[in-house]
Amino acid sequence: MSIRKYSVMIAGHRTSVSLEPEFWEELKKLAARQDLTPAELITRIDAGRKGALSSELRLYVLRALVSGN
């Protein structure tokens, strides 16, 4: 699995997150299910995070997959 950088706009500024393509695809699906763009979902996750953003995104995806959401 290779890690790629994805550029997103959160909190009014551009940033990049490093994720495996599989996590990025799942994140996009989760955002779509909530009628959000990936950037909107990432902004919500960013607002409550305690660790590195990329790690928080992976955990969010894993939690959603485990819970069946």
Side-chain angles (χ1 to χ4, degrees):
M1 235 185 284
S2 63
I3 294 178
R4 298 176 63 190
K5 286 196 179 225
Y6 299 91
S7 180
V8 292
M9 180 81 78
I10 57 171
H13 68 283
R14 271 218 163 308
T15 191
S16 63
V17 293
S18 298
L19 290 174
E20 294 78 3
E22 294 84 356
F23 277 103
W24 182 252
E25 288 304 314
E26 286 301 321
L27 190 69
K28 290 191 328 185
K29 289 177 190 175
L30 292 167
R33 286 186 202 137
Q34 298 177 55
D35 291 323
L36 300 171
T37 66
E40 290 169 329
L41 179 56
I42 292 169
T43 297
R44 290 182 179 187
I45 295 166
D46 180 57
R49 73 181 166 111
K50 294 176 178 43
L53 182 56
S54 294
S55 296
E56 292 288 334
L57 296 177
R58 286 185 190 92
L59 289 172
Y60 182 89
V61 169
L62 286 174
R63 287 182 189 121
L65 291 173
V66 167
S67 71
N69 292 331

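No continuous path of hydrophobic side-chain contacts links M9 to L53 [ILVMFWY only; heavy atoms under 4.5 Å]. Linking Ile, Leu, Val, Met, Phe, Trp and Tyr residues whenever their side-chain heavy atoms come within less than 4.5 Å leaves L59 and V8 in two separate clusters.
Atom CD1 of I42 is separated from atom CH2 of W24 by 4.0 Å, given to the nearest 0.5 angstrom. Taking OH of Y60 as the start and CG of L30 as the end, the distance is 6.0 Å to the nearest 0.5 Å. From E20, atom CD reaches atom OG of S54 across 9.0 Å, with rounding to the nearest 0.5 Å. Going from atom CD of Q34 over to atom CD of E40 covers 10.5 Å, rounded to the nearest 0.5 Å.
Residues K50 and E56 come closest through the heavy atom pair N-OE2, 3.5 Å.
R44 CZ: 12 or fewer foreign heavy atoms inside a 6.0 Å radius.
Remark: of the listed residues L62, I45, D46, I45 is the sole one forming a side-chain contact (heavy atoms from CB on, under 4.5 Å) with L57.
For S18 (side chain) and I3 (main-chain N/O), no donor-acceptor pair under 3.5 Å exists by modelled atom type.
Between L19 and V61, every side-chain heavy-atom pair lies at or beyond the 4.5 Å cut-off. When side chains are defined from C-beta on, P21 counts as touching Y6, because their heavy atoms get closer than 4.5 Å.
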